[in-house]
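Following: one structure in structure tokens, then a few remarks.
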Amino acid sequence: MPKVTFVTPQGKHIEVVAQLGETLLELAHRSNIDIEGACEGCLACSTCHVIVAADDYDRLPEPSEDEEDMLDLAFGLTPTSRLGCQIVVTEEIDGLVVNLPTEVHNMMA
Ligand code: FES
């Protein structure tokens, strides 16, 4: 099973075992990792914003246009930002490192 490491804003590394087909958001929630995901994966918020490690970014499929539009609204956007609800776990992402941003912009609050 692929493993994913989440890095909290405080610098804590949390390695979790992912299940194929789930999203990073689902994985984080299942693992009690603090990603909000206000719209539960409907691409209607940007609170599932994660920052993928630069070395890992190109291993992921390209974001869709809808994801990019929503990412534009994310607080603290970086060149390797993605939405956690749009990254689906595959064998290829084994070893992925994603950083949790310090703040998210919740438009749904
Ligand atoms: Fe809202 Fe990902 S949970 S866009």
Side-chain angles (χ1 to χ4, degrees):
M1 284 292 175
K3 291 192 182 128
V4 174
T5 300
F6 290 94
V7 183
T8 69
Q10 294 74 32
K12 194 168 153 201
H13 286 58
I14 306 169
E15 188 182 80
V16 291
V17 177
Q19 286 173 3
L20 297 179
E22 69 181 345
T23 64
L24 283 195
L25 180 65
E26 289 164 341
L27 170 63
H29 281 173
R30 201 165 57 72
S31 313
N32 289 325
I33 288 167
D34 195 18
I35 300 184
E36 190 171 327
C39 77
E40 295 179 358
C42 298
L43 266 185
C45 72
S46 57
T47 62
C48 60
H49 176 205
V50 295
I51 300 162
V52 178
D55 288 350
D56 288 334
Y57 187 78
D58 289 338
R59 293 207 276 141
L60 299 174
E62 303 244 318
S64 66
E65 262 179 50
D66 286 345
E67 180 181 346
E68 287 190 348
D69 287 350
M70 202 44 74
L71 267 173
D72 284 341
L73 305 173
F75 191 86
L77 187 69
T78 76
T80 62
S81 289
R82 292 293 306 265
L83 293 179
C85 69
Q86 300 302 306
I87 299 175
V88 177
V89 172
T90 61
E91 292 287 0
E92 286 72 42
I93 73 159
D94 185 38
L96 190 77
V97 177
V98 290
N99 298 277
L100 306 181
T102 44
E103 279 186 80
V104 293
H105 180 194
N106 187 354
M107 295 175 306
M108 300 181 78

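All residue numbers refer to positions in the sequence shown, counting from 1.
Side-chain contact between Leu96 and Leu60 is present, with heavy atoms from C-beta onward closer than 4.5 Å. No side-chain heavy atom of Val89 sits under 4.5 Å from any side-chain heavy atom of Gln19. Residues Thr23 and Ile87 fail the side-chain proximity criterion, which asks for heavy atoms closer than 4.5 Å.
Judged as a side-chain contact (heavy atoms from CB on, under 4.5 Å), and not counting sequence neighbours, the contacts of Glu92 are Thr90. For Glu68, the salt bridge (charged side-chain N to carboxylate O under 4.0 Å, His left out) criterion is met by no residue, not counting sequence neighbours. Legend: residues meeting side-chain contact (heavy atoms from CB on, under 4.5 Å) with Gln86, ordered by chain and number and at least two apart, are Leu43, Glu67, Leu83.
Under the 4.5 Å side-chain heavy-atom criterion for grouping Ile, Leu, Val, Met, Phe, Trp and Tyr, Val17 is not connected to Val88 through any hydrophobic cluster. Residue Ile93 is grouped with residue Tyr57 when hydrophobic side chains (ILVMFWY) are merged at heavy-atom distances under 4.5 angstrom, including chains of intermediate members. Under the 4.5 Å side-chain heavy-atom criterion for Ile, Leu, Val, Met, Phe, Trp and Tyr, Val7 and Val50 are members of distinct hydrophobic clusters. At a threshold of 4.5 Å between side-chain heavy atoms, the hydrophobic network of Ile, Leu, Val, Met, Phe, Trp and Tyr places Val16 and Val98 in one connected group.
Interatomic distance, Asp56 CG to Thr5 OG1, rounded to the nearest 0.5 Å: 9.0 Å. To the nearest 0.5 angstrom, Glu36 atom CD is 9.5 Å from Ser46 atom OG. The CG atom of Asp58 sits 8.5 Å away from the CD atom of Glu62 when rounded to the nearest 0.5 Å. One distance of note links CD1 of Ile14 with CD1 of Ile33; it measures 4.5 Å at 0.5 Å rounding. Note that CZ of Arg82 is 14.0 Å distant from CE of Met70, once rounded to the nearest 0.5 Å. Residue Phe6 holds its CZ atom at 4.5 Å from CG of Leu27, rounded to the nearest 0.5 Å.
Asn99 places a side-chain N or O within 3.5 Å of a backbone atom of Ile51 that can act as its donor or acceptor partner. In terms of modelled atom types and a separation under 3.5 Å, the side chain of His29 and the main chain of Ile35 share a donor-acceptor contact. Here the side chain of Thr47 pairs a donor or acceptor atom with the backbone of Gly37 at under 3.5 angstrom. Using a distance-only test at 3.5 Å, with no hydrogens or angles considered, a donor-acceptor pair links the side chain of Thr8 to the main chain of Gln10. A donor-acceptor pair under 3.5 Å is formed between the side chain of Thr80 and the backbone N or O of Val52. With hydrogens and angles disregarded, a donor-acceptor distance shorter than 3.5 Å links the side chain of Arg59 to the backbone of Asp94.
Pairing each heavy atom of Ala18 with each of Met1, the nearest pair is O-SD, 3.5 Å.
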